[in-house]
Protein chains: 2
Amino acid sequence: MSIEQSILAVLSFWPSTGYNIKAEFEHKAAGLYWGMSYGSIYPKLKKLEEEGLVHPIEQEEGGRKKKLYELTAKGWQEFENWLQLPPAYPIIRDELLMKMSTWHEDMESSILISHLLKRKEKTEDLLGFVKAWPTNGISYISDVGMLSIRYAELRLEAELKWIEESIHALENNHLPKGQDPNGNTEKLLARRRGQSVKGK
Amino acid sequence: MSIEQSILAVLSFWPSTGYNIKAEFEHKAAGLYWGMSYGSIYPKLKKLEEEGLVHPIEQEEGGRKKKLYELTAKGWQEFENWLQLPPAYPIIRDELLMKMSTWHEDMESSILISHLLKRKEKTEDLLGFVKAWPTNGISYISDVGMLSIRYAELRLEAELKWIEESIHALENNHLPKGQDPNGNTEKLLARRRGQSVKGK
DNA sequence: GAGTGCATGTAATTCGTTACATGATTCA
DNA sequence: TGAATCATGTAACGAATTACATGCACTC
């Protein structure tokens with residue numbers, strides 16, 4: 001999914017300026033969506049206008065110069081076509097998981113625990129935000145949209161549970177048993193130590 | 001996190017060729033990691049070699065030409081430095097959530113249900129794979145690495161639960177109540193209908 | 001001897017970000 | 001009057017993908 005669809009999606013809620021679109025993604029970026037830069041937005045809006053998917057609507061002469069964009073019929077069409085296309089399966093790019101998967105015994109597990117604690121903090125913040133959002137009296141969330149809020153809640157709660165579990169396992173040294181059919185752990189440590197890496 | 005770190009991480013397990021690195025990410029890409037193309041790998045390996053982080057190791061003259069890369073002392077250092085750096089908080093880019101958040105009443109909810117069903121299928125597959133992996137007798141997974149497997153399990157199970165819940169809510173029309181302080185739903189539908197978008 | 005899998009690489013292109021450049025309006 | 005916020009835009013750069021190009025080795 002691209003920036004183009006995101007812009008159409010925001011404009012479906014209400015006509016917006018480029019500046020506004022960015023702001024919209026700024027606070028909702030709270031784990032559900034994601035940000036984008038002006039360097040993407042403005043050129044894309046221009047392109048969408050050329051393609052006839054959006055058009056700037058007249059601005060009352062009252063304030064500063066700004067271009068409020070609205071969807072055209074073609075723009076609505078494009079947006080709804082996209083809604084109907086089966087969404088791509090999300091790819092998880094989680095640096096913490098990558099680090100855990102490649103962690104090895106010569107590394108201090110206390111460092112990994114500190115990574116987990118940092119993750120916990122951020123996840124708790126996010127969960128707080130997500131829970132407060134639907135009743136903050138400001139934001140617009142449709143009934144169907146609430147399902148995605150519910151998703152975020154379940155996901156973040158599962159994550160917190162896992163963090164607790166993981167820290168506990170690391171601290172008390174009863175990790176689940178992995179699988180090492182070729183004695184890789186040994187070999188890895190030998191290769192590494194053979195290079196005599198200076199610690200820290 | 002970049003391709004560079006991913007390559008170092010794979011090489012920490014065992015010396016590998018470029019081809020091999022891709023293969024490694026191919027099957028593990030099962031939701032935990034992610035793929036990368038030859039167009040990224042080979043140029044990056046060359047760059048890493050120039051920087052002295054990896055070096056090609058002699059190949060027995062037995063087979064085809066191939067370059068097996070191994071980490072240098074500097075390479076190990078770099079890798080472990082990266083392990084110690086606090087991981088970035090993952091950004092969720094989930095097209096399904098985006099679509100749900102911007103869904104509107106003039107859209108057939110049966111289409112959304114079909115999106116959910118497709119998601120369910122893929123998630124079930126992935127969960128099956130993730131559960132089987134640690135005991136397939138082939139793959140290497142360290143004890144710490146098992147924690148990330150556990151994460152995937154919890155996350156995917158939470159997702160399945162949410163999918164059931166969501167389909168049920170959509171089918172029986174008892175969605176959670178959203179929030180619409182400015183009567184946006186009305187306005188949206190009016191704007192859209194004003195453009196007389198042809199259905200389908 | 002044809003197809004598949006192993007193996008390496010480059011060139012063009014896409015998508016997006018960062019940094020830069022500018023300026024009006026609001027408010028303390 | 002000076003800072004913060006609203007507002008628009010471009011140019012340079014970066015990271016990665018896709019498509020292209022090549023060729024050996026093994027197996028049926």
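Just so we're on the same page: letters track the sequence lines, and every chain starts at 1.
- OP1 or OP2 of D/dA7 lies within a sub-4.0 Å distance of a side-chain N or O belonging to A/K66.
- Protein atom CZ of B/R93 is 9 Å distant from nucleotide atom C1' of C/dG16, rounded to whole Å.
- In this structure, B/M36 atom CE and D/dG14 atom P are separated by 21 Å, rounded to whole Å.
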List, one per line, each side-chain donor-acceptor pair under 3.5 Å for residues 146-153 of chain B, sequence neighbours excluded.
residue: B/S148; atom: OG; partner: A/S101; partner atom: OG; Å: 3.0
residue: B/S148; atom: OG; partner: B/G145; partner atom: O; Å: 2.7
residue: B/R150; atom: NE; partner: A/E165; partner atom: OE2; Å: 2.7
residue: B/R150; atom: NH2; partner: A/E165; partner atom: OE1; Å: 3.3
residue: B/Y151; atom: OH; partner: A/E159; partner atom: OE1; Å: 2.9

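- In this entry the distance linking CD1 of B/I21 with C1' of C/dC6 reads 15 Å, nearest Å.
- Under the 6.0 Å distance and 45° angle rule, A/K99 counts as a cation-pi partner of B/W82.
- Take B/E51 and apply the salt bridge (Lys or Arg N to Asp or Glu O under 4.0 Å) test, not counting sequence neighbours, and it matches B/K47.
- What separates OH of B/Y69 from C1' of C/dG9 is a distance of 10 Å, to the nearest Å.
- Between the side chains of A/W76 and A/T72, no donor-acceptor pair of N or O atoms lies under 3.5 Å.
- A/T17 comes within 4.0 angstrom of the backbone, heavy atoms only, and of no base.
- B/E80 and A/H104 are linked by a side-chain donor-acceptor pair at a separation below 3.5 angstrom, with hydrogens and angles left out of the test.
- Counting only heavy atoms from C-beta on, B/S37 has its side chain closest to D/dT18 among D/dT8, D/dT18, C/dG16.
- Between B/K65 atom NZ and D/dA25 atom C1' there is a gap of 12 Å when expressed in whole angstrom units.
- Residues of residues 39-52 of chain B having a heavy atom closer than 4.0 Å to DNA chain D, listed by number: B/G39, B/S40.
- Remark: side-chain polar atoms of B/D143 are not paired, donor with acceptor, to backbone N or O of A/L175 under 3.5 angstrom.
- A cation-pi arrangement is absent between B/K66 and B/Y19, since the terminal nitrogen or guanidinium carbon is not both under 6.0 Å from the aromatic centre and inside a 45° cone about the axis.
- A straight line from OH of A/Y19 to P of D/dG9 spans 15 Å, rounded to a whole angstrom.
- Regarding contacts with the backbone of D/dT8, every side-chain N or O of A/K22 stays at 4.0 angstrom or more from both OP1 and OP2.
- In this structure, B/Y38 does not reach the C/dT8 phosphate: none of its side-chain N or O atoms is under 4.0 Å from OP1 or OP2.
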